[in-house]
Every structure is written in structure tokens, then in C-alpha cells.
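Inspection log for the structure reproduced underneath, given as C-alpha cells.
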2 protein chains.
Amino acid sequence: MNMMDDTGGRETSATRAAYLSLRKMILVGDLPPGQKLKIEQLRAMLKMGASPIREALSLLTSDMLVERIDQRGFRAAPASIANFEEILTLRSALEDMALRQSIAQATSEWEELLVLSHHKMKRLAGADTFEDAHKTFHMTLLRNAESPMLERYCSQLYDLNIRYRYLAAGGAGYQSRDIAAEHEDIFDAAVRGDAESASAALLSHYRLTGEYLTTQLGAL
Amino acid sequence: MNMMDDTGGRETSATRAAYLSLRKMILVGDLPPGQKLKIEQLRAMLKMGASPIREALSLLTSDMLVERIDQRGFRAAPASIANFEEILTLRSALEDMALRQSIAQATSEWEELLVLSHHKMKRLAGADTFEDAHKTFHMTLLRNAESPMLERYCSQLYDLNIRYRYLAAGGAGYQSRDIAAEHEDIFDAAVRGDAESASAALLSHYRLTGEYLTTQLGAL
DNA sequence: CCGCATAAAAATATCGATATTTATTGACAT
DNA sequence: ATGTCAATAAATATCGATATTTTTATGCGG
């Protein structure tokens, strides 16, 4: 009874399916910060046994999206302004490092990837797949650093950051500034090979987003 | 049949016990890089069911000590010179950041912790508990940055680094330079509040260790 | 002798059932 | 009321047994 091996929308293992679902739910706030994640409850929700769920939760620990307390189960990672600012600081430092390295080792291949990802992001403005394209663009900027661990950290921090975006946006997702122009600045400087400007533009991009979000985060 | 609640050498849950055992085994090289970690095999070795082992392995993923490939099990993280150098670079950057922040926010409380941890480390030179004291000293240097995530990253990188130390030391653990003096330099500058010197001493400490290890790592 | 399909073996992933532990409730004495 | 203790309920952690998948071994034309 082969399940028609769908290479497209596959859910190979139950663990992976649970991992992806839970991750998304935590990122977008369906599972709010600090919430207890009871196995039974999730078991019912995801229609699978306890094992894959426990395993998925354990894996989500890596991403700092889930906390595990021995003998006391799992909970969605807590959120706070201090934590948000920590993420912002670390992200700025690490992405700065990665971006400079990327540019220092620039190749035409990489430039092409960059052009492509930037184009796709622009084209998807407004679409619900924009978020993915946006992350891809940012990660492409860093990918050329050829530093897998650094890349992983940055990816992690990116996700943690957009989590706060969802938390802040009680609905109002619009911002007054021109995000597209900011991306353009980073992009232009990067393909131009101007590390200094690219880094400055990137950091300013993050600082602005950070300030905006901080004001929105009255709660917590 | 209460197991006399040993607050000292407790092994609360099987998962935790497995986590600690496996972690240690990977760090010291009992489970060499790239080695397939078969559940049955570990199950026999640790005398417990498969569930806690799987969970421990999933948790070790966070520490980048274990890799998980969907449907294909777990393996000890691979090792390479490139990876070692990446660790060194990241570690230098992150610890530099943390140390400067620590010093910038210095309190007498922190200084006392520093004095204490430094003293303990010196006293334990040669003992088998030295490694722990050494890590405590280094982490105490950074703890005052009050940045949990940064601390976590540094701790991770520290562990990954000493793993390479074990890998390099086919037995010859001795080095010609005066490690104690290097620690003294870092320590002195830190309590003096001299961030510039402290950072320089720390980075030099890592650079030297790095160079030493790189030469030793002919294999891989 | 070399692929290539296929059968057999091994290992992973997952389930359902329990044992253990933690959290909750309610009675009782202070 | 309040704090303690036992009894109960709930949840976690763990086991042993299968189903699934991957890997290894086997045999058979080309």
C-alpha cells in the first residue's frame, strides 16, 4: 500500500510532520509563549502517537522554540522584551560577520543567486509566500560565507525574530517605512561588493525593524 | 521504594542519564565523529528502552554533537579541520563580545565569582576535575554579559572545541606553553576592568590553542 | 564478470499500554 | 481563614511489541 511517494508535499515521517506543524504553530503564535505543551493534547491535535511528538519537541529545543524541563514536560519558549533585544543584538553581530565574509568571497555564481532571490521576493510582495522568499533572500546574502554553523545561528535567530513580529502584530502588520527600498539598498551594495555599505544598510534595516517592534510590544 | 532522593549524584530520568552519558562519550571520542549511533546497540549499552535514547539523541542535536537524518537514524557529528576552524572563529567573535559586555557591566559580585573560579581552577591543575573547573572559569568570564543566548552559544562552542582537543590528543595531552600564565593574564585584565587587554589575552589564548590543535589534527 | 531485480536481514519509527511523577483537591486540625 | 497531609486525578516518562523503511545479501540473465 505505497502512499504514492509524493516527492512534492511529502511528510516522510510522523516526527517530521509534527516538527513542522509545531514549529509553525509556535512561530505564528498559535502556541503562545510559555504555554504548556501537553503530549495528550498535541496527540489529539496531530493525530499521532506520543513518541513522534516527544521527539519533535525535543528537536525544537535546538531552535530555542521549546523548553524542556525534566520530569515536567515541554513548553513553548517564553518571550520578553529583553529576549527580543538579545536576539536583535546577536543577529546584528552575526549577520554582519556573515555578510562581510560573503561579500569578501563573492563569486558570480553567488551574485546570480542573490539577483534571483531578490527578484522573487519583490515579485511576491503581498503574497502569503512572501515570508519564505524574504527569508531566502536574507539567507542567500549570508550563504556565501561558507560557514554552516554561522548560517545555522543566523537562520535560528531569523526565525526567533519573526516570531516576535507575529507576536507584535496583533493584526496591524503594516509599517510606514519602505521595506522594499531597504532591501534594495542592501542588495545593491552586496552585488556591488561594497561590504561597508551593505553591512550598514543591513544593520539599519534591523535596527529600524527592532525599534518598530519594540514599541509594539507593550504586552509581555 | 523511594530511591533516597540523592540530590548529589542524581539521575532523575532515564532520558537525562542517557543524555549525559552520550554527550560525554561523544565529547571524549568514545563515539568517534561520523559514527552511526544505532538504537539497539545503545539500548544494550545503557540498559534502557529505546524511547529515552531517541529523546536524548534528539536533544543532543541542539548541541551539534549529533546529526539526525530522517528515516536513517542518528550519527555522531562529523569532524573536520574546516569545522574546527569555524568553531574557533565563531568562538573568538562571540566570546570577545560577551567578555567585553561582562566587563562593561562589572560588579563586585561578579569579580568575586571570577576570583573564586580562577582559584579553584588553579588548585585543580592536573586533577581529573580540572576540565570542569576550566570550563566554569571561562564561562564565568562571560556570565556577566547577562545574555543567556550568547552564553548558550559560547558554552556549546566550548564543548565542541574540547571535543577536538580530545580528538587531537591521541594521548599526548601536554603542550609546551604556559596555559596557567595565559589564564592569569585574562583573569588579571578582567578584574582590572581592562576590556581591551582581557579580550586580547583571551583571543590570543584561543589562537594559540587553535594553532596547536590544527597541527595535531593530521588525521580526519 | 557486471548490473539489476528480488529476497532476507537489520534498523528505524511508531504505537498502545503502564509505571512514575507531579499537580490538584478536599478534609481536618490549628 | 490557613496550612498540612493524604487521596485522587492528570501528565510525564518509559517499556515492549510491531509496522515500515533501509540496507545487505542473493541469484539470474546479459
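All chains are named by letter (A, B, ...) in the order of the sequence lines, taking the proteins before the strands, and each is independently numbered beginning at 1.
Rounded to an integer number of Å, the gap from B:Ile53 CD1 to D:dC15 C1' is 12 Å. As a whole-Å value, the separation of B:Asp70 CG from D:dT20 C1' is 13 Å. In this structure, A:Gln35 places its CD atom 13 Å from P of D:dA11, rounding to the nearest Å. Rounding to whole angstrom units, CZ of residue B:Arg68 and P of D:dT22 are separated by 13 Å. Look at NZ on A:Lys38: it is 16 Å from P on D:dA9, rounded to the nearest Å. Rounded to an integer number of Å, the gap from B:Arg72 CZ to C:dA10 C1' is 14 Å. For B:Lys47 and D:dT14, the NZ to C1' distance is 17 Å, given to the nearest whole Å. Rounded to whole Å, the distance from CD on A:Glu40 to P on D:dA9 is 17 Å.
No contact: B:Leu57 has no heavy atom under 4.0 Å from any strand.
Of the candidate nucleotides D:dT23, D:dT12, C:dT12, C:dT12 has the atom lying nearest to any side-chain atom of B:Ile39. In this structure, of D:dT12, D:dT14, C:dT21, it is D:dT14 that holds the atom nearest to the side chain of B:Ala14. Closest to the B:Met48 side chain, of the nucleotides D:dT22, D:dC15, C:dC15, is D:dC15. For A:Thr15, taking side-chain heavy atoms from C-beta onward, the closest of the listed nucleotides D:dT12, C:dT14, D:dC15 is C:dT14. Among the nucleotides D:dC15, C:dA11, D:dT12, the one closest to any side-chain atom of B:Lys36 is C:dA11.
Side-chain contact of B:Asp63 with B:Tyr19: a donor-acceptor pair under 3.5 Å is present, judged by distance alone. Between the side chains of A:Tyr206 and A:Glu95, a donor-acceptor pair is found at a separation under 3.5 Å. Side chains of A:Glu131 and A:Tyr166: a donor-acceptor N/O pair is absent below 3.5 angstrom, by distance only.
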Less than 3.5 Å apart, which donor and acceptor atoms pair up between the side chains of residues 144-151 of chain B and the rest of the protein, not counting sequence neighbours?
from     : atom 1 : to       : atom 2 : distance (Å)
B:Ser147 : OG     : A:Glu86  : OE2    : 2.5
B:Glu151 : OE2    : B:Arg143 : NH1    : 3.0

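At distances below 3.5 Å, at least one donor-acceptor pair connects side-chain atoms of A:Ser102 with backbone N or O atoms of A:Leu141.
Distances shown here put every side-chain N or O of B:Arg43 at or beyond 4.0 Å from the OP1 or OP2 atom of C:dA11.
Looking at which nucleotide of DNA chain C each of A:Gln71 and B:Ala50 is closest to, the 5′-most match is held by B:Ala50.
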